[in-house]
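One structure is given below, encoded as structure tokens.
As the structure is a prediction and not an experimental result, all values here were calculated from the model. FYI, side chains are in, hydrogens and waters are out, and symmetry mates aren't considered; it's all heavy atoms of this structure.
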Amino acid sequence: MKKLSCLLALLLSSTGVVNTNTAFAAGAKSTVTSNPTNGQIAQRSITCLRLDYNAGGVIHNGVLSMNGARGILVTEFFSEALGRRTRVQQDIEARDTPEGLLLAGYRPVFPETNRPYPSYSPDNFLLKVTPENDVVAFNCDDARVCAPVRVSPCRR
């Protein structure tokens, strides 16, 4: 619970990222509900989403699969440490907040082996639906690298 509150505060205080015509106020006091969400954002059930973002000049392409309030995010990106394209898998926990849906990442692992991915900082997303029915999303990882996120449905 403490991690979720800290993550939400980080996302809200990232004025360079969050200040884009959303209802967020930098430094706004917020709370995270104690009951997990049922995996919905603005009455839309989330089962599979593509999450694409640029973190420090590195493009990340993720596929989020949710089952209620829990899910798995598999992200592909170029790892400078490995010198090649690689993937990381994270467990995701969803929580409703007054500011939107918080998706907190935990336990980054190499998907092929399930071994811990020690140099990958877990991702944390905040999603909300605007009055125009657009989904607005931001990511701040645990290392405080923040970026806007493009959200789209998974291709079937």
Side-chain angles (χ1 to χ4, degrees), residues 1-78 85-108 111 120-156:
M1 183 65 149
K2 183 177 180 181
K3 177 184 178 184
L4 294 175
S5 297
C6 292
L7 295 175
L8 188 57
L10 173 63
L11 283 161
L12 292 173
S13 67
S14 300
T15 57
V17 173
V18 181
N19 190 11
T20 59
N21 290 333
T22 63
F24 301 134
K29 186 171 181 161
S30 60
T31 59
V32 176
T33 61
S34 59
N35 295 329
T37 182
N38 59 1
Q40 292 188 343
I41 180 170
Q43 310 307 316
R44 299 181 205 175
S45 182
I46 297 175
T47 55
C48 187
L49 290 176
R50 286 188 48 85
L51 304 172
D52 301 311
Y53 55 99
N54 177 345
V58 178
I59 302 299
H60 290 65
N61 304 115
V63 175
L64 172 66
S65 300
M66 295 293 294
N67 184 5
R70 303 227 180 257
I72 300 290
L73 173 64
V74 177
T75 305
E76 189 173 33
F77 65 101
F78 182 85
R85 201 142 173 87
T86 189
R87 295 184 318 149
V88 63
Q89 177 179 308
Q90 302 170 71
D91 293 331
I92 297 291
E93 180 182 337
R95 295 283 177 151
D96 283 320
T97 72
E99 290 79 16
L101 182 65
L102 178 64
L103 302 171
Y106 298 89
R107 204 181 68 82
Y120 194 88
S121 186
D123 293 302
N124 309 289
F125 300 90
L126 184 64
L127 286 75
K128 70 177 273 179
V129 177
T130 67
E132 293 78 28
N133 203 28
D134 295 322
V135 176
V136 177
F138 301 93
N139 176 35
C140 284
D141 67 20
D142 284 2
R144 298 184 176 208
V145 175
C146 300
V149 178
R150 182 176 50 231
V151 179
S152 57
C154 292
R155 297 180 193 135
R156 300 277 180 203

* Asked: Where do R70 and D91 land on the side chain to side chain contact (heavy atoms under 4.5 Å, CB included) test, with the steps shown first?
  -> CA-CA 7 Å; R70 303 227 180 257; D91 293 331; over 6 Å; no
* **Flag side-chain contact, heavy atom, 4.5 Å: T47 against M66** => no
* Measure across A104 and N124 and return the closest heavy-atom pair with its distance rounded to 0.1 Å. => CA-OD1, 3.6 Å
* In Å, rounded to the nearest 0.5 Å, how long is the span from CG of D123 to NE2 of H60? -> 6.5 Å
* Determine whether Y53 and V145 make a side-chain contact, defined as any pair of heavy atoms from C-beta on separated by less than 4.5 Å. => no
* Just say parallel, tilted or perpendicular for the rings of Y120 and F77, cut-offs at 30° and 60°. => tilted
* Asked: Under a 4.5 Å cut-off applied to non-hydrogen side-chain atoms, are D52 and I59 in contact?
  -> no
* Structure fact -> In short, G105 meets P122 closest at the heavy-atom pair O-CB, 3.3 Å
* Heavy-atom side-chain proximity of L49 to V135 below 4.5 angstrom -> no
* Show your reasoning for whether side chain to side chain contact (heavy atoms under 4.5 Å, CB included) applies to V74 and V88. => CA-CA 6 Å; V74 177; V88 63; over 6 Å; no
* To do: Would you mind reporting whether V151 and L51 have side-chain heavy atoms less than 4.5 Å apart?
  => yes
* With respect to Q90, which candidate in L103, L73, L64, I72 satisfies the side-chain contact (heavy atoms from CB on, under 4.5 Å) definition? -> L73
* Asked: So, are R85 and E76 salt-bridged, with charged N and O less than 4.0 Å apart?
  -> yes
